[in-house]
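Here the structure comes first, spelled out in structure tokens, and everything after it is commentary.
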Amino acid sequence: MDNPVFERIRNDIAGNDVVVYMKGTPVFPQCGFSAAVVQVLTHIGVPFKGIDILTDPGLRQGVKEFSNWPTIPQVYVKGEFVGGCDIIREMYQTGELQELLEGKGVAVAAQG
């Protein structure tokens, strides 16, 4: 079955190295979890596409079904679902996030 929302998600994650499905925008996150993910990615200097799921109820539900993950935000790197806020924060703290990004060819700002 062709799901137009899944098609859109596939296009988004194929066309951008890092995609964050979030509540609000990177400039004005509408929830603390989305804000935390934006903060981590911004801190390590990774450009990403933020997609506001609040403006599209179909996308809001579709993104959860697509990844089989019940919460927002959701982070994709090079088309692969990485996780939500807690996972991203934990991976960042252990250095795993930076390794994952670099391993997939996504430039990360030098940490000093």
Side-chain angles (χ1 to χ4, degrees):
M1 180 177 94
D2 261 3
N3 183 325
V5 174
F6 284 12
E7 196 55 41
R8 180 179 160 195
I9 294 167
R10 276 192 282 271
N11 288 335
D12 285 338
I13 64 179
N16 300 278
D17 284 351
V18 182
V19 177
V20 180
Y21 289 96
M22 59 183 292
K23 293 178 180 174
T25 64
V27 180
F28 294 109
Q30 300 289 311
C31 84
F33 300 112
S34 293
V37 167
V38 167
Q39 201 174 7
V40 164
L41 293 174
T42 303
H43 184 71
I44 59 176
V46 172
F48 64 94
K49 179 178 177 71
I51 299 174
D52 184 359
I53 54 102
L54 295 177
T55 59
D56 185 338
L59 181 61
R60 185 180 194 163
Q61 190 51 42
V63 109
K64 295 175 184 181
E65 291 169 8
F66 184 83
S67 62
N68 220 353
W69 188 262
T71 57
I72 301 292
Q74 295 187 4
V75 179
Y76 285 83
V77 175
K78 295 278 190 172
E80 182 187 313
F81 177 63
V82 179
C85 178
D86 291 346
I87 290 170
I88 295 300
R89 213 182 307 186
E90 199 173 293
M91 287 176 72
Y92 164 68
Q93 286 164 347
T94 62
E96 210 181 323
L97 181 62
Q98 297 86 320
E99 282 173 25
L100 171 86
L101 289 161
E102 288 171 344
K104 290 186 173 287
V106 178
V108 175
Q111 298 297 297

Roughly how far, to the nearest 0.5 Å, is the [atom2] atom of [Y] from the [atom1] atom of [X]?
{"X": "Phe81", "Y": "Ile9", "atom1": "CZ", "atom2": "CD1", "value": "11.0 Å"}
{"X": "Thr55", "Y": "Lys23", "atom1": "OG1", "atom2": "NZ", "value": "13.0 Å"}
{"X": "Ile72", "Y": "Met22", "atom1": "CD1", "atom2": "CE", "value": "10.5 Å"}
{"X": "Ile87", "Y": "Thr71", "atom1": "CD1", "atom2": "OG1", "value": "8.0 Å"}
{"X": "Phe6", "Y": "Asn11", "atom1": "CZ", "atom2": "CG", "value": "13.5 Å"}
{"X": "Ile44", "Y": "Tyr92", "atom1": "CD1", "atom2": "OH", "value": "7.5 Å"}

Under the rule for side chain to side chain donor-acceptor pair (under 3.5 Å), what residues qualify as partners of Gln61, not counting sequence neighbours?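 Only Glu65 meet the side chain to side chain donor-acceptor pair (under 3.5 Å) criterion with Gln61.
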Glu102 side chain to Leu100 backbone, donor-acceptor under 3.5 Å: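 Between the backbone of Leu100 and the side chain of Glu102 there is no qualifying donor-acceptor contact (under 3.5 Å).
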Just by distance, do the side chain of Asn16 and the backbone of Val18 share a donor-acceptor pair under 3.5 Å?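 Side chain of Asn16 to backbone of Val18: no pair is present.
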Not counting sequence neighbours, which residues clear salt bridge (charged side-chain N to carboxylate O under 4.0 Å, His left out) with [X]? List them please.
{"X": "Asp86", "answer": "none"}
{"X": "Glu7", "answer": "Arg10"}
{"X": "Arg60", "answer": "none"}

Less than 4.5 Å apart, any side-chain heavy atom of [X] and any of [Y]?
{"X": "Val82", "Y": "Met91", "answer": "yes"}
{"X": "Leu59", "Y": "Ile51", "answer": "yes"}
{"X": "Phe48", "Y": "Val106", "answer": "no"}

CD (Glu90) with more than 12 external heavy atoms under 6.0 Å: no
Using every non-hydrogen atom in the two residues, find where Val38 and Thr42 come nearest and quote the distance to one decimal. O-OG1, 2.7 Å
What one should report as the nearest heavy-atom pair of Pro73 and Val37 is CG-CG2, 3.7 Å
Do Val19 and Phe33 sit in the same hydrophobic cluster, where Ile, Leu, Val, Met, Phe, Trp and Tyr count as joined when their side-chain heavy atoms come under 4.5 Å apart?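 In one cluster with Val19: Phe33, no.
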Which pairs count as side chain to side chain donor-acceptor pair (under 3.5 Å) when at least one residue sits in residues 72-84, sequence neighbours excluded? Asp17-Lys78, Ser67-Gln74, Glu80-Lys104
Sequence neighbours excluded, which residues qualify as side-chain contact (heavy atoms from CB on, under 4.5 Å) partners of Ala35? Pro29
